[in-house]
Enquirer: 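Questions regarding the structure given below will be posed in turn.
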2 protein chains.
Amino acid sequence: MSCAEEYTPQLRARGYRMTSQRLAILHVLHHSGKHLTPSQVYEKASRKLGGLTETTVYRTLEFLAENGLARPAHMGNGHFVYEIARHEHHHLKCRICGDEMEVKHALLEKLYRKLESASGYRLTDSHVTFFGLCPNCQKGE
Amino acid sequence: MSCAEEYTPQLRARGYRMTSQRLAILHVLHHSGKHLTPSQVYEKASRKLGGLTETTVYRTLEFLAENGLARPAHMGNGHFVYEIARHEHHHLKCRICGDEMEVKHALLEKLYRKLESASGYRLTDSHVTFFGLCPNCQKGE
DNA sequence: TATGTTATTGCAAAAAGTTGCAATAAGGAG
DNA sequence: CTCCTTATTGCAACTTTTTGCAATAACATA
Ligand SMILES: [Mn+2]
Ligand SMILES: [Mn+2]
Ligand SMILES: [Zn+2]
Ligand SMILES: [Zn+2]
């Protein structure tokens with residue numbers, strides 16, 4: 001299934017329009033699969049779609065995140081990165097070497113239930129980054 | 001105990017100097033107790049210490065965070081806020097009304113142990129924000 | 001297919017955050 | 001108290017991100 005076929009209905013269902021800009025950006029996120037910064041997205045997407053502006057990239061990434069097609073994350077430097085929304089997961093990141101690994105959401109299920117019953121909140125988002133020292137970097141401590 | 005008496009030794013112990021700028025910023029964080037944006041810190045601190053620059057505020061907040069005297073957090077808009085480092089805690093934030101509440105770190109202890117044994121990482125930081133819907137906003141869904 | 005509505009974009013200007021470097025001042029040594 | 005070393009600051013230039021608004025284009029309707 002093409003990106004257009006996959007994502008257009010999702011936007012329409014929510015009353016939004018598919019545009020060449022949104023499609024180009026979704027395409028980049030979809031096929032990279034990794035966390036990308038807005039300027040990385042701009043870089044790649046504007047190769048396919050000349051005339052695309054950074055303003056639009058910022059706005060579109062935020063829009064896609066709000067509507068569940070992309071997920072934002074903080075990896076520790078104070079800037080957002082984005083990835084296409086697929087399976088729920090979280091991250092562990094090493095403060096020293098920067099190594100990153102994924103954590104299945106299942107590991108956090110219990111915590112989510114506990115937080116919900118302790119607070120009355122219903123937790124919606126998942127894509128948390130926890131910081132620490134990777135096995136390698138612990139040795140040199 | 002004054003801010004100077006409390007924080008100067010902590011910096012000295014790590015080989016750093018106490019300065020009027022650092023003291024003014026620590027004073028603001030200490031007495032506000034809340035999460036503050038860099039520009040809120042600048043606003044308040046420069047009232048006490050004319051000539052303070054925003055550059056220095058940014059650099060100092062990052063410095064204090066690296067050295068454990070302040071804690072950075074993301075509250076959902078992609079920008080850092082900072083608070084004085086006291087007890088370990090996390091946050092729950094409502095996506096709709098913006099309401100925020102604290103969560104004791106004790107509630108996350110089990111998860112931290114689980115993540116550590118599953119990954120080999122040693123988790124160091126704590127000050128995570130989880131997002132969801134507060135009890136009030138769940139009604140209007 | 002042509003038309004109207006309005007969501008979305010690009011542009012220009014502003015705001016927020018970062019960086020390199022020379023001047024300043026904290027604090028250890030004499 | 002004075003001098004010396006160098007961590008720290010302020011300044012200016014730069015990069016990144018946000019915002020208001022007029023022009024554009026998606027797409028529903030006829
Ligand atoms: Mn991820
Ligand atoms: Mn906090
Ligand atoms: Zn590491
Ligand atoms: Zn709420």
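By convention in this document, chain letters (A, B, ...) are assigned in the order of the sequence lines, proteins followed by strands, and residues within each chain are numbered from 1.
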Enquirer: Here's a test of your reading of the structure: between B/Tyr58 and B/Ser20, which maps to the more 5' nucleotide of DNA chain C?
Expert: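 Its nucleotide being nearer the 5' end, the pick is B/Tyr58.
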Enquirer: Between A/Leu23 (CG) and D/dC27 (P), how many Å, whole number?
Expert: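 Nearest whole value for this atom pair: 11 Å.
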Enquirer: Using whole Å, what does the distance between atom P of nucleotide D/dA28 and atom CG of A/Leu11 come to?
Expert: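 So the two atoms are 13 Å apart, to the nearest Å.
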Enquirer: Starting at CG of B/Leu61 and ending at P of C/dA16, how long is that distance when rounded to a whole Å?
Expert: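 Value for this atom pair: 15 Å.
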Enquirer: Between C/dA16 atom P and B/His74 atom NE2, what is the distance in whole Å?
Expert: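 Atom-to-atom, B/His74 to C/dA16, this comes out as 17 Å.
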Enquirer: Would you tell me if any nitrogen or oxygen in the side chain of B/His79 comes within less than 4.0 Å of OP1 or OP2 on C/dG17?
Expert: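 B/His79 to C/dG17 OP1/OP2: side-chain N or O found under 4.0 Å.
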Enquirer: Taking 4.0 angstrom as the limit, do A/Asp125 and A/Arg71 come out as a salt bridge?
Expert: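 Looking at A/Arg71 together with A/Asp125, the answer is no, because their closest N to O distance does not fall below 4.0 Å.
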Enquirer: Using nucleotides 8-13 of chain C, report all nitrogen or oxygen pairs with the protein that are shorter than 3.5 Å.
Expert:
from   : atom 1 : to      : atom 2 : distance (Å)
C/dT8  : OP1    : A/Arg17 : N      : 2.9
C/dT8  : OP1    : A/Arg22 : NH1    : 2.6
C/dT8  : OP1    : A/Arg22 : NH2    : 3.4
C/dT8  : O5'    : A/Arg22 : NH2    : 3.3
C/dT9  : OP1    : A/Thr19 : OG1    : 3.0
C/dT9  : O3'    : A/Gln21 : NE2    : 2.8
C/dG10 : OP1    : A/Gln21 : NE2    : 3.3
C/dG10 : OP1    : A/Gly51 : O      : 3.2
C/dG10 : OP2    : A/Thr53 : OG1    : 3.2
C/dG10 : OP2    : A/Thr56 : OG1    : 2.5
C/dG10 : N7     : A/Arg59 : NH2    : 2.9
C/dG10 : O6     : A/Arg59 : NH1    : 3.4
C/dG10 : O6     : A/Arg59 : NH2    : 2.8

Enquirer: To check you understand the geometry: which heavy-atom pair defines the closest contact between A/Gly120 and B/Gln138, and what is its length?
Expert: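 Here A/Gly120 and B/Gln138 meet closest at O-NE2, 2.8 Å.
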Enquirer: When you look at A/Tyr16 and A/Phe63, which way does the ring pair (Phe, Tyr, Trp, His ring centres under 6.0 Å) test go after all the steps?
Expert: CA-CA 10 Å; A/Tyr16 299 111; A/Phe63 166 85; 4.9 Å; yes
Enquirer: For A/His127 and A/His89, take the angle between the two ring planes, folded into 0 to 90°, and tell me which bin it lands in: parallel under 30, tilted 30 to 60, perpendicular over 60.
Expert: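 Perpendicular: the ring planes of A/His127 and A/His89 meet at over 60°.
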Enquirer: Which atom pair, heavy atoms only, marks the closest approach of A/Tyr121 to B/Met101?
Expert: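 Answer, listing the atom of A/Tyr121 first, then B/Met101: CE1-SD, 3.6 Å.
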Enquirer: Would A/Glu62 and A/Arg59 pass as an ion pair if we require N to O under 4.0 Å?
Expert: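 Not counted as a salt bridge, because no side-chain N and carboxylate O are separated by less than 4.0 Å.
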Enquirer: Rounded to the Å, how far apart are A/Tyr7 OH and D/dA26 P?
Expert: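 About 20 Å, once rounded to whole Å.
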